[in-house]
Amino acid sequence: MGKKILVVDDASVVRMTLKQLFESYHYTVLEAETGEEAVQKYQTFKPDLVTMDITMPDMDGITAVKEILKLDAKAKIIMCSALGQSNKVKAAVEAGAKTFIVKPLHPERVLTTVKKYLD
Amino acid sequence: MDSQIVNQFVRATSSVFGQVNNVSMLKTDLTYFPDGCSLPAPVSVGLGVAGGFKGQFFILMDEAVAFKAASVTLGGKSITAYDRLVESAIGELSNMIAGEASKRLLEMGLDCEITVPAVTRGKEYSTASACFVGKFEFDWGELKLVVKFDSRAQIK
């Protein structure tokens, strides 16, 4: 079975695009629409990697990163957000995210980054 | 300061449309309305801004422009009907504009938080608050950008 990726984004179009991209490379994908849903699904799905948006309803992505790392200190989380200002990148990395990709998302860059942390 | 803030949204709109959609936009007008304005808005996306600048910004467009933006996001898929995927695509596009604008605002010393986008269809955009309206023309048609200040005291 392929490695598992949890895609977290409130925009269905982003979830759909990333799901199609990852599935075409034989990864198993599960989606979450909010930070809260991501934390719940992390516990049951136990993904090998998470892609996380920042601005979402309910729980934002940076809080979700902290909550997931409380459950699994070895969780691999990549931020994928339109908020590329330096203080957001710093906050995400300080929260424990492995790296930060600023939207618009380029498939090649996303794949290279995902493979770097999965392989 | 006010014009510098508005210009960050104008530049962000042009930059993101260029990067994502590969289209070149021409800003044809930027007008200040001290007592608000009403504009036709077949499709509008609104985002709130808090922090160093408090207000909202809206992107107004025709359905045809929304369809084309959604089509590009979906890898060239033909879009013939307005649905939740179209809403999600233009919401995400506006989110990227907000992200680019907030990055530029931070470089000016204004740390801002942006809310999730709210997409509305088939209504007129109307506000009684002071706002700036920018107009862009490009191959796909026309797009309007409204930057609204919560307090007129911010406008200097």
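These numbers come from a predicted model, not from an experiment.
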*Linking I/L/V/M/F/W/Y whenever their side-chain heavy atoms sit closer than 4.5 Å, directly or via other members, would B:Leu93 and B:Val45 fall into one cluster?*
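Same cluster.
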*Do B:Phe67 and B:Val16 sit in the same hydrophobic cluster, where Ile, Leu, Val, Met, Phe, Trp and Tyr count as joined when their side-chain heavy atoms come under 4.5 Å apart?*
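Yes, same cluster.
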*Give a yes or no on whether the backbone of B:Lys148 and the side-chain of B:Ser129 come within a donor-acceptor separation of less than 3.5 Å.*
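Not a single qualifying donor-acceptor pair exists.
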*B:Leu74 versus chain A, heavy atoms under 4.5 Å apart: side chain, backbone, both or neither?*
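Side chain only.
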Using distance only, find each side-chain donor-acceptor pair of residues 106-119 of chain A under 3.5 Å and give its atom names and separation, not counting sequence neighbours.
| from | atom 1 | to | atom 2 | distance (Å) |
| --- | --- | --- | --- | --- |
| A:Thr112 | OG1 | A:Glu108 | O | 2.7 |
| A:Thr113 | OG1 | A:Arg109 | O | 2.7 |

_A side-chain contact here means heavy atoms from C-beta on lying under 4.5 Å apart; do B:Tyr82 and B:Glu87 qualify?_
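When only atoms from C-beta onward are counted, B:Glu87 and B:Tyr82 do touch, with a gap below 4.5 Å.
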_Top contributor to chain A interface from B:Ser88, B:Gly99, B:Ala98 [non-hydrogen pairs under 4.5 Å]_ =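 Option with the greatest count: B:Ser88.
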*When B:Asn95, B:Ile114, B:Leu106 are compared by non-hydrogen pairs under 4.5 Å with chain A, the top option*: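 Heavy-atom pair counts peak at B:Leu106.
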Side chains of residues 136-146 of chain B: which donor-acceptor partners sit under 3.5 Å, not counting sequence neighbours?
| from | atom 1 | to | atom 2 | distance (Å) |
| --- | --- | --- | --- | --- |
| B:Glu142 | OE1 | B:Lys144 | NZ | 3.0 |

*Residues B:Lys103 and B:Glu107 bridged, charged N to O under 4.0 Å*: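 The answer is no: the pair does not qualify as a salt bridge.
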*Per-residue contact mode, A:Met16 against chain B (heavy atom under 4.5 angstrom)*: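 For A:Met16, the side chain is the part near chain B, not the backbone.
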*Side chain, backbone, both or neither: which part of A:Asp60 has a non-hydrogen atom closer than 4.5 Å to chain B?*
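Neither part; nothing is under 4.5 Å.
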*Name all pairs fulfilling the side-chain hydrogen bond (donor to acceptor under 3.5 Å, both in side chains) condition that reach into residues 64-73 of chain B, sequence neighbours left out, sorted by first residue then second.*
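Sorted result for residues 64-73 of chain B: empty, none.
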_Sort by residue number and list every residue of residues 80-100 of chain A having at least one heavy atom under 4.5 Å from chain B._
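Only A:Ala82, A:Leu83, A:Gly84, A:Gln85, A:Ser86, A:Asn87, A:Lys88 of residues 80-100 of chain A have a heavy atom under 4.5 Å from chain B.
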